[in-house]
Each structure stands twice: as C-alpha cells, then as structure tokens.
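Remember, it's 1-based here, ligands and their atoms both numbered in the order they're listed. Everything quoted here is computed from the prediction, not taken from an experiment.
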Amino acid sequence: MAKARTWRYVMTAAGALGAAVLGALLFMASGLYDIGASKPHLAVTHWLLDFAKRRSIETQSILIRAPASLEDLDLVTLGAAHYRGGCAPCHGAPGEPRNPIASSMLPQPADLLRVAPSWTSAQLYWIVRNGFKYTGMPAWPDVAREDEVWALVAFLRTLPTMTPEHYARLSAGGLASPSRSGREIAEFGAGVDALSRCARCHDPPAPGAASALVPRLAGQSRAYLELALRDYAEGRRASGVMRPVVAELDKESIGLLAGYYAELPPMRSAAAPEDAGMKRGRTIAERGDPETGVPACLACHGAASAATFPRLDGQSARYLESQLRLLKSGQRGESVQSRIMAVIAARLSDEQIDSVTRYFASVQPAAKPAPSTQRPARR
Ligand code: HEC
Ligand code: HEC
Ligand code: HEC
C-alpha cells in the first residue's frame with residue numbers, strides 16, 4: 001500500500017513539473033515577456049541572477065592561484081593602458097564617468113571603483129578571462145594569455161584608491177589630447193582613448209611611464225614590424241592587448257606605422273655593469289650552448305640577420321623573458337617564424353633565459369640597422 005501511495009506522489013509531482021515547464025514554454029512562445037532593457041528586472045529576478053552569478057564565480061575560481069607579484073608597477077601600468085581603451089568605455093574610470101550608452105545596458109556595467117574590492121584576485125582573474133553570458137561583459141580576446149589577464153587584475157586592485165591624475169598618467173603615459181580647433185574636434189573627435197594611439201604604451205612622453213612588458217619599436221626593421229602587426233591582425237600571434245589595437249588599422253596604416261617606427265633611432269638601454277650571469281648570457285648569444293643544441297642567438301638576431309627577424313638589443317629583460325616563456329609554452333601563437341623560435345626557446349633552461357635576456361637588455365643598440373635589413377621581405 002505504502003508503495004502505491006509513494007508512486008502516486010511521484011506521478012503528481014512529475015505532472016506538476018511538466019505543466020510548469022509547458023506553461024513557461026507557452027508564455028515564451030506568446031511573446032508576452034518583455035525582453036527590453038528599458039525596464040529594470042523584477043526585484044526577485046535581480047536577486048536570483050545576482051545569486052547565480054556570485055555562486056558561479058566563487059565555484060569556478062576555486063583552483064586559481066594569484067601570482068605573488070600583483071603589486072608590480074609594470075603589470076599595473078600595462079593593465080591601466082589596456083583598461084583605458086578596452087574597459088573604460090563601458091565601466092568608466094577615475095574622473096571619467098561612463099558613457100550614457102553603457103549605463104543604458106541591463107545589467108549596467110558595474111562601477112568597478114566600488115565593486116572590485118568585493119572580489120578576490122582569483123575571482124577578478126576568472127571574470128576578466130571569461131566574461132559573463134547574457135550581459136555584454138566580454139571574455140578576454142586571447143584566453144591563453146594568462147599573463148595579460150593578470151595585468152588587468154593588478155590594475156583593478158589599485159583602482160579603488162586611484163586619483164584621476166594618477167590614472168591619467170598610468171593609462172595615457174602623459175599623452176594629452178592635442179589642442180584642436182572646433183573644426184578639428186568636429187572632424188576627428190576629442191579623446192586620447194583610441195586603442196590605436198600606440199604612444200600611450202610604446203613611447204609615452206612622461207619619463208618612466210612605459211611598462212617594461214611593452215616592447216620598444218624604434219630601431220626594429222620595417223619588415224619585422226609589418227609582419228608582427230599582420231600576425232596580430234590575422235590571429236597568428238596571440239595578444240588580447242594588441243589584437244584589438246590592430247583591428248582599428250587597415251593595411252595602409254599598418255605599412256605607414258611600420259615605416260614610421262623603423263625610421264626612429266633606437267632607444268638607449270639602461271646601463272648595467274656586467275655580472276657573471278650576463279657573461280654567461282653573452283656566451284649563449286655569441287656561441288649558443290652546443291650541449292643542449294641551442295644555436296647562437298646572434299646568428300639570427302644580429303645586425304646582419306634577415307630583415308624579418310627581430311632585434312633584441314635595447315629591449316627590456318622583462319619583455320624578452322616574457323616572450324621566451326610564451327614561445328616555450330606555445331602561448332605566443334603560431335606563425336612560420338615563431339615555429340623557428342619556439343624550438344629554440346624550448347631548449348633554454350630558466351637560468352639561461354634569465355642570463356641571456358639580461359645580457360641583451362644591457363647591449364646598447366647600434367645606431368641604425370644595416371641598410372640590407374631595411375628591405376621589406378616578400379612572403
Ligand atoms: C561592452 C561593455 C563592457 C566591456 C568592454 C567590459 N565590460 Fe566588464 N562588465 C560589463 C557588464 C554589462 C557587466 C555585468 C555587470 C553585472 O552583472 O553586475 C560587467 C561586469 C564586470 C565585472 C564584475 C563586476 C561585478 O561585481 O559584477 C568586472 C570585474 C568587469 N566587468 C571587468 C571588466 C574589465 C577589466 C574589462 C576590460 C578588460 C571589462 N570589464 C570590459 C560590460 C563590459
Ligand atoms: C595598451 C597598450 C598598447 C597599445 C595602445 C599598443 N601596443 Fe603594441 N604592444 C603592446 C604589448 C603589451 C605588446 C606585446 C604583446 C605580446 O605579448 O605579443 C605589443 C607588441 C607590439 C608589437 C610587436 C613587437 C615585437 O617586438 O614583437 C608591435 C609591432 C606593436 N605592438 C605595434 C603597435 C602599434 C603600431 C600600435 C598603435 C597602432 C600599438 N602597438 C599600440 C601594447 C600596446
Ligand atoms: C634560427 C634563427 C634564430 C635563432 C638562432 C634564434 N632566434 Fe629568436 N627569433 C627568431 C625568429 C624568426 C623570431 C621571430 C618570431 C616571430 O616572428 O614570431 C625570434 C623571436 C625571438 C624573440 C621575441 C622577440 C620580440 O620582439 O618579440 C626573443 C626574445 C628571441 N627570439 C630570443 C632568442 C634567443 C635568446 C636566442 C638564442 C638562445 C634566439 N632567439 C635564437 C629566430 C631565431
């Protein structure tokens with residue numbers, strides 16, 4: 001008897017559930033639900049969505065470990081520079097309120113100055129890397145580039161206490177809006193926010209404002225610069241910072257920019273006295289390491305090497321090191337050229353990476369690459 005009663009309960013419950021699902025489907029099919037963003041959610045819907053969001057983030061980010069060095073100025077600066085073009089148009093920034101278009105989204109992009117402290121670094125990492133479904137919050141354009149996402153997290157950690165002046169300096173490197181006539185503003189716009197203002201990141205005018213994670217472009221050959229930009233544009237090189245930038249450029253602008261930076265005199269390196277590590281680095285650069293099959297770097301990265309191969313002298317050790325690690329792990333992406341370098345990077349030990357990058361960072365770049373390296377290569 002008890003068995004039959006249980007069975008009846010189960011059937012009734014299943015019937016009620018089926019009716020509820022059918023009812024919900026009919027309601028959707030009728031089109032009576034107002035999907036418009038012009039009216040806010042009911043309080044109960046809002047609570048439910050917010051609850052689901054918080055729980056999802058808390059669970060999904062459980063295994064993420066933040067790196068020890070989030071208070072690192074190079075990370076914060078790079079994060080700020082990307083934030084200005086890639087996030088502030090939706091979220092606003094210190095001294096710069098959101099555009100009314102963004103505040104008319106539902107849900108509204110959060111005021112991060114206020115809410116960022118309510119998340120841990122691991123949770124912020126998860127949010128910035130993955131975005132949110134059904135909200136307009138985008139995922140990071142190249143999810144493999146964990147290092148770039150951490151730069152954004154490092155910046156978000158400093159955001160709540162940042163003054164408008166500090167933000168302007170960090171994110172625009174001291175670059176101001178050009179003084180323009182009314183007509184010029186009318187025709188070209190007013191802001192410094194364009195993603196394609198390269199100087200914000202690559203050669204900011206304020207002294208010491210550049211992040212060591214951003215490569216120097218001056219003195220690189222035209223052929224290499226053009227190739228690198230095309231690799232970003234066509235997705236062969238991964239970077240959630242650079243790919244949105246090149247999306248603003250057409251083929252002609254890429255050629256003009258490569259020509260411009262190739263003509264600039266290379267910047268001088270920070271002078272550093274040679275220590276034992278750098279000496280070992282010099283040996284690797286000049287002769288390689290026959291034991292592990294590492295060829296001499298200068299065979300390809302010297303003044304007389306192929307035009308499409310990059311120069312390393314004058315770059316910061318941090319940038320060179322980050323790229324070697326990306327090449328080693330496959331996170332830099334895959335092009336014909338990067339495949340050549342990935343094989344070599346995989347053979348370098350951590351200690352060798354440290355010494356050879358510090359060596360190259362200490363070399364003063366030659367005044368100008370030899371004329372033969374200026375010839376654009378055919379591909
Ligand atoms: C197209 C507009 C848009 C862009 C661009 C954008 N976001 Fe968002 N973001 C949103 C929206 C919408 C939400 C959802 C707010 C919510 O659910 O409460 C959101 C949520 C977030 C949250 C979670 C806030 C919270 O407490 O719910 C963080 C953190 C965040 N964004 C960071 C960023 C960062 C960093 C960038 C740049 C890399 C970025 N966003 C780019 C629209 C945007
Ligand atoms: C928000 C900061 C930012 C802006 C703005 C920016 N860049 Fe970059 N750029 C970077 C970073 C970071 C990298 C290294 C990316 C990587 O890991 O591949 C990079 C890499 C490059 C490289 C590859 C250099 C090499 O040695 O391999 C070129 C070329 C380049 N950028 C050109 C430009 C040009 C031209 C513009 C303007 C149209 C520009 N960038 C705007 C941050 C920026
Ligand atoms: C056989 C030629 C060759 C040799 C030898 C070589 N490289 Fe490379 N390297 C390349 C090429 C080609 C690229 C450009 C990859 C690309 O376009 O993505 C590159 C890129 C790099 C980059 C990234 C530069 C940038 O601006 O982003 C670093 C760092 C680097 N190499 C370090 C080294 C070191 C250190 C050695 C010596 C241990 C070395 N390379 C030996 C061919 C070589």
Side-chain angles (χ1 to χ4, degrees), residues 49-50 53-54 57 78-79 81-91 102 105-110 112 115-116 118-119 123-124 127-128 131-132 135-138 140 145 147-149 151-153 155-156 171 194-202 211 213-217 220 224-229 231-232 236-242 245-246 248-249 253-254 257-258 260-261 281 284-285 288-289 294-301 305-306 308-312 315 319-324 326-327 332-333 335-342 344-345 347-348 352-353 356-357 360:
L49 290 174
D50 211 56
K53 174 179 87 176
R54 191 155 277 278
I57 295 165
L78 175 58
H82 178 80
Y83 185 90
R84 180 170 205 110
C87 317
C90 283
H91 286 284
M105 290 170 75
L106 185 71
Q108 284 190 10
L112 297 179
V115 305
S118 72
W119 300 107
Q123 289 167 342
L124 284 174
I127 296 170
V128 177
F132 295 157
T135 66
M137 168 62 198
W140 190 249
R145 290 294 306 267
D147 56 322
E148 293 181 332
V149 179
L152 265 295
V153 175
F155 167 69
L156 290 177
S171 63
L195 286 166
S196 50
R197 275 192 88 168
C198 324
R200 288 199 293 115
C201 296
H202 286 284
S211 164
L213 292 161
V214 177
R216 295 170 172 186
L217 306 178
Q220 214 54 282
Y224 175 69
L225 293 170
E226 202 164 344
L227 190 65
L229 290 170
D231 279 347
Y232 289 125
R236 285 183 296 270
R237 184 160 166 190
S239 168
V241 175
M242 271 309 293
V245 170
V246 291
E248 285 190 349
L249 306 174
S253 321
I254 287 182
L257 283 163
Y260 165 70
Y261 277 110
I284 298 170
D289 178 5
V294 172
C297 316
L298 287 169
C300 295
H301 294 292
S305 307
T308 56
F309 291 3
R311 298 287 300 265
L312 307 180
Q315 295 292 16
Y319 173 71
L320 296 174
E321 184 193 332
S322 73
Q323 294 300 313
L324 282 173
L326 294 170
L327 283 156
R332 174 152 152 150
S335 65
V336 177
Q337 288 214 147
S338 72
R339 257 177 251 144
I340 304 176
M341 188 57 221
I344 300 167
R347 291 180 191 161
L348 292 170
Q352 285 177 320
I353 288 181
V356 79
T357 53
F360 273 112

Checklist outcome for this item: Near A296 (heavy-atom distance under 4.0 Å), the atoms of ligand 3 are 5 (C)
Next on the checklist: With a cutoff of 4.0 Å, is P310 in contact with ligand 2, counting heavy atoms of the residue only?
Outcome noted: no
Checklist entry - Would you say H301 reaches atom 8 (Fe) of ligand 3 with an N/O/S atom under 2.8 Å? => result yes
Next on the checklist: Taking a cutoff of less than 4.0 Å between a non-hydrogen atom of the residue and any ligand atom, is A228 in contact with ligand 3?
Outcome noted: no
Checklist entry - Among protein heavy atoms, which lies nearest atom 19 (C) of ligand 2, and at what distance? => result M242 CG, 3.2 Å
Item to check | Region of V246 engaging ligand 2 - heavy atom pairs below 4.0 Å | outcome: neither
Next on the checklist: Distance check below 2.8 Å: does C198 bring an N, O or S atom to atom 8 (Fe) of ligand 2?
Outcome noted: no
Next on the checklist: One residue to check: E248. Relative to ligand 2, which of side chain, backbone, both or neither has a non-hydrogen atom less than 4.0 Å away?
Outcome noted: neither
Checklist entry - Within less than 4.0 angstrom of ligand 2, does R84 place any heavy atom? => result no
Checklist entry - Any nitrogen or oxygen of T135, main chain or side chain, under 3.5 Å from a nitrogen or oxygen of ligand 1? => result no
Item to check | ligand 3 N/O within reach of Y319 N/O, cut-off under 3.5 Å | outcome: yes
Checklist entry - Quick one: does ligand 3 sit under 4.0 Å from the side chain of I353, the backbone, both or neither, non-hydrogen atoms only? => result neither
Next on the checklist: Counting non-hydrogen protein atoms only, what is the nearest one to atom 34 (C) of ligand 3? Give residue, atom name and distance.
Outcome noted: C297 SG, 3.4 Å
Checklist entry - Does H91 approach ligand 1 within less than 4.0 angstrom via side chain, backbone, both or neither, non-hydrogen atoms only? => result side chain
Checklist entry - So do P107 and F132 actually touch side chain to side chain, heavy atoms under 4.5 Å? => result no
Checklist entry - Taking both backbone and side-chain atoms of H82, is any N or O found less than 3.5 Å from an N or O belonging to ligand 1? => result no
Checklist outcome for this item: One finds that the ligand 3 atoms under 4.0 Å from a non-hydrogen atom of V356 are 35 (C)
Item to check | atom 15 (C) of ligand 2 - nearest protein heavy atom and its distance | outcome: Y232 OH, 3.3 Å
Item to check | Option nearest atom 6 (C) of ligand 1 (shortest heavy-atom distance, choices S118, G240, P138) | outcome: P138
Checklist entry - How far is atom 27 (O) of ligand 1 from its nearest protein heavy atom, and which residue and atom name does that atom have? => result K53 NZ, 2.6 Å
Checklist entry - Taking non-hydrogen atoms only, is H202 closer than 4.0 angstrom to ligand 2 via side chain, backbone, both or neither? => result side chain
Checklist entry - Touching ligand 2 at all, Q323? Heavy atoms, strictly under 4.0 Å? => result yes
Next on the checklist: One residue to check: A299. Relative to ligand 3, which of side chain, backbone, both or neither has a non-hydrogen atom less than 4.0 Å away?
Outcome noted: neither
Item to check | Proximity flag W119 to ligand 1, non-hydrogen atoms under 4.0 Å | outcome: yes
Item to check | Proximity of I344 to ligand 3 by residue part, where a heavy atom lies under 4.0 Å | outcome: side chain
Checklist entry - Evaluating non-hydrogen atoms only, which member of A88, C87, P89, A110 is closest to atom 36 (C) of ligand 1? => result C87
Next on the checklist: With a heavy-atom distance limit of 4.0 Å, tell me whether R237 approaches ligand 3 through its side chain, its backbone, both, or neither.
Outcome noted: side chain
Item to check | Numbered atoms of ligand 3 (with element) below 4.0 Å of V294, judged on heavy atoms | outcome: 38 (C)
Checklist outcome for this item: Restricting to heavy atoms, the pick from P215, S322, S239, S338 nearest atom 11 (C) of ligand 2 would be P215
Next on the checklist: Give me the residue, atom name and distance of the protein heavy atom closest to atom 33 (C) of ligand 3.
Outcome noted: M341 CE, 3.2 Å
Next on the checklist: Give the atom numbers and elements of ligand 3 that come within less than 4.0 Å of a heavy atom of L320.
Outcome noted: 29 (C)
Item to check | Where ligand 3 meets Q337 - atom numbers and elements under 4.0 angstrom, heavy-atom basis | outcome: 12 (C), 14 (C), 15 (C), 16 (C), 17 (O)
Checklist entry - What do you reckon, does Y83 have a nitrogen or oxygen under 3.5 Å from a nitrogen or oxygen of ligand 1? => result no
Checklist outcome for this item: min-distance protein heavy atom vs atom 18 (O) of ligand 3 -> R332 NH2, 2.8 Å
Checklist outcome for this item: Under 4.0 Å from one or more heavy atoms of C300, ligand 3 contributes atoms 1 (C), 2 (C), 3 (C), 4 (C), 5 (C), 42 (C), 43 (C)
